[in-house]
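In this text, all values refer to a predicted model and were calculated from it rather than measured experimentally. Order of the sequence lines sets the chain letters (A, B, ...), proteins ahead of strands, with each chain counted from 1. Atom set for the values below is all heavy atoms of this structure, side chains included, hydrogens, waters and symmetry mates excluded.
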Amino acid sequence: MVERISIQGTRSSPEVDCDPATKTLRLEGESYPENTFDFYKPLVAWLEDVLAENDGGSDPVTLDVALAYLNTGSIKSLMDMLDRMDEAHEAGTAVAVVWRCDAENERVVELAEELLEDLSLPYEIKTE
Amino acid sequence: MNAHDVKALRDILERSHIILSFNGPLTQSVIEELGDAIRRHLEGDSQQSRHNADLFSVYIELTQNIRNYAAQRAQDAEDTRRLNSGTVLVALEGDSYAIHSGNLIHRDDAAALSARLDDILALDRPGLKAAYKERLKNPIEDGAMGAGLGFLQIARTSSRPIEYDLSDADGDYVFFSLTVHL
């Protein structure tokens, strides 16, 4: 059984909730933590575990992103998560990506489009 | 430093339109504090929101680059002290921002850095995007602290070609400086 990961947000790191009950990985806030890869490594591993467990299930494994700013280490980590989800999607696993952006934060909207445009998985960019 | 030196330094800052300057050891909390100051300074400047996000982004990449380099390359405590110290200057020229950064690097690393930046400078916009996407797909190298995306991101954000300089410093060090116009 995959365990839940909850991390409080700080000025430079997002609030994280990886909930196995809803199969949802949620990131919200700012993302430029020190040692960015160390921060994201357990989250990427969590996602891999949930995708592996979910093989064949009908409820989607969901990545729910609401980040105001991402440094390049965070962008790379997010791309790794999206690649894992895309591979799972192509292998028949139900996945969903929701990316919430502040409509005035043009750069994040552009980033979301750039990361998602080459993938085959279903996604939604919501500007609020 | 005496009062006369302060005036001389201020004259340089004024002449260069510097609105924010920092010189000293970079810790994550200093990076956050200074980042907040940059964001707060920009808050009143709402029609520039795209520029503001760009300035903050370039600032974070530059400063975290310095810290990651120090963490990876420093040999001992004295070396860490030197490598982990940075200069950050934000200039407001007319209605556009420029950011300058400077830090010491090992002399042995200068040629590779220069080659990497020259490669980036040789790329046009579509070339920069392609190189960026390729890096995004590559696995992270073992022990790497950065994605190798920082300079590419900075070059994509910059409104003009980035300018860099490597100049002799004492001992086994070279001073690396970078200017980015937004």
Side-chain angles (χ1 to χ4, degrees), chain A residues 8-14 29-45 47-48 67-87 90 101-121 127, chain B residues 26-36 38-39 46-68 70-72 84 128-130 132-157 182:
Chain A
Q8 279 202 333
T10 70
R11 185 152 62 170
S12 61
S13 62
E30 299 281 345
S31 189
Y32 57 104
E34 176 151 56
N35 304 323
T36 304
F37 293 151
D38 290 345
F39 182 88
Y40 276 97
K41 210 174 281 175
L43 310 184
V44 178
L47 186 67
E48 284 172 345
L67 296 173
Y69 168 73
L70 298 88
N71 68 356
T72 49
S74 304
I75 293 170
K76 173 63 181 154
S77 300
L78 215 62
M79 191 72 239
D80 286 350
M81 290 185 188
L82 290 168
D83 279 337
R84 303 292 195 287
M85 292 182 76
D86 204 46
E87 285 160 20
E90 285 177 353
C101 311
D102 181 339
E104 286 180 17
N105 197 340
E106 289 172 61
R107 286 305 195 212
V108 174
V109 180
E110 287 169 9
L111 173 70
E113 285 165 356
E114 195 165 287
L115 295 191
L116 292 162
E117 68 189 3
D118 300 329
L119 303 177
S120 63
L121 53 72
T127 50
Chain B
L26 285 169
T27 61
Q28 172 73 10
S29 71
V30 163
I31 291 173
E32 291 174 12
E33 292 286 348
L34 211 50
D36 278 359
I38 288 174
R39 278 181 162 165
S46 63
Q47 82 238 62
Q48 298 273 340
S49 79
R50 176 183 278 263
H51 281 172
N52 300 356
D54 290 347
L55 179 62
F56 184 77
S57 156
V58 171
Y59 158 77
I60 291 291
E61 292 305 322
L62 289 174
T63 50
Q64 291 194 323
N65 232 357
I66 295 172
R67 266 187 74 67
N68 289 343
Q72 281 202 300
N84 202 32
L128 284 171
K129 180 172 178 173
Y132 179 88
K133 287 215 160 190
E134 196 187 320
R135 275 274 171 167
L136 264 184
K137 291 285 175 189
N138 287 347
I140 299 163
E141 285 164 37
D142 268 355
M145 300 196 61
L149 285 166
F151 287 132
L152 283 168
Q153 166 112 332
I154 289 167
R156 291 186 73 191
T157 310
L182 297 169

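With a threshold of 4.5 angstrom between heavy atoms, A/E114 approaches chain B through its backbone and through its side chain. Contact annotation for A/D38: neither backbone nor side-chain heavy atoms come within less than 4.5 Å of a heavy atom of chain B. In this structure, chain A has heavy atoms under 4.5 Å from both the backbone and the side chain of B/E32. When heavy atoms are compared at a cutoff of 4.5 Å, A/N71 approaches chain B by way of both its backbone and its side chain. For A/L111, the part lying near chain B is the side chain, with the backbone staying farther off; criterion is any non-hydrogen pair under 4.5 Å. Using a 4.5 Å cut-off between heavy atoms, B/S29 contacts chain A through its backbone alone, with no side-chain atom that close. For a residue to count as touching a neighbouring chain, one of its non-hydrogen atoms must lie under 4.5 Å from one of that chain's; by this rule A/I75 touches chain B with backbone and side chain alike.
Side-chain atoms of B/K137 never come within 3.5 Å of backbone atoms of A/M79 as a donor-acceptor pair (strictly under, hydrogens ignored).
Annotation: A/Q8, atom CD; neighbour count of heavy atoms from other residues, nucleotides and ligands within 6.0 Å does not exceed 12.
Here the closest heavy-atom approach between residue A/Y32 and residue B/Q28 is recorded as O-NE2, 3.2 Å. What you find for B/L136 and A/D80 is that their closest heavy atoms are O-OD1, 4.4 Å.
With sequence neighbours left out, B/D36 forms a salt bridge (Lys or Arg N to Asp or Glu O under 4.0 Å) with A/R11. Partners of A/N105 under the side-chain contact (heavy atoms from CB on, under 4.5 Å) rule, at least two apart in sequence or in another chain, are A/A68, A/D102, A/R107, A/V108.
To the nearest 0.5 angstrom, A/S12 atom OG is 7.5 Å from B/Q64 atom CD.
Ranked by heavy-atom pairs under 4.5 Å with chain A, the first of B/R67, B/E61, B/Q153, B/K129 is B/E61.
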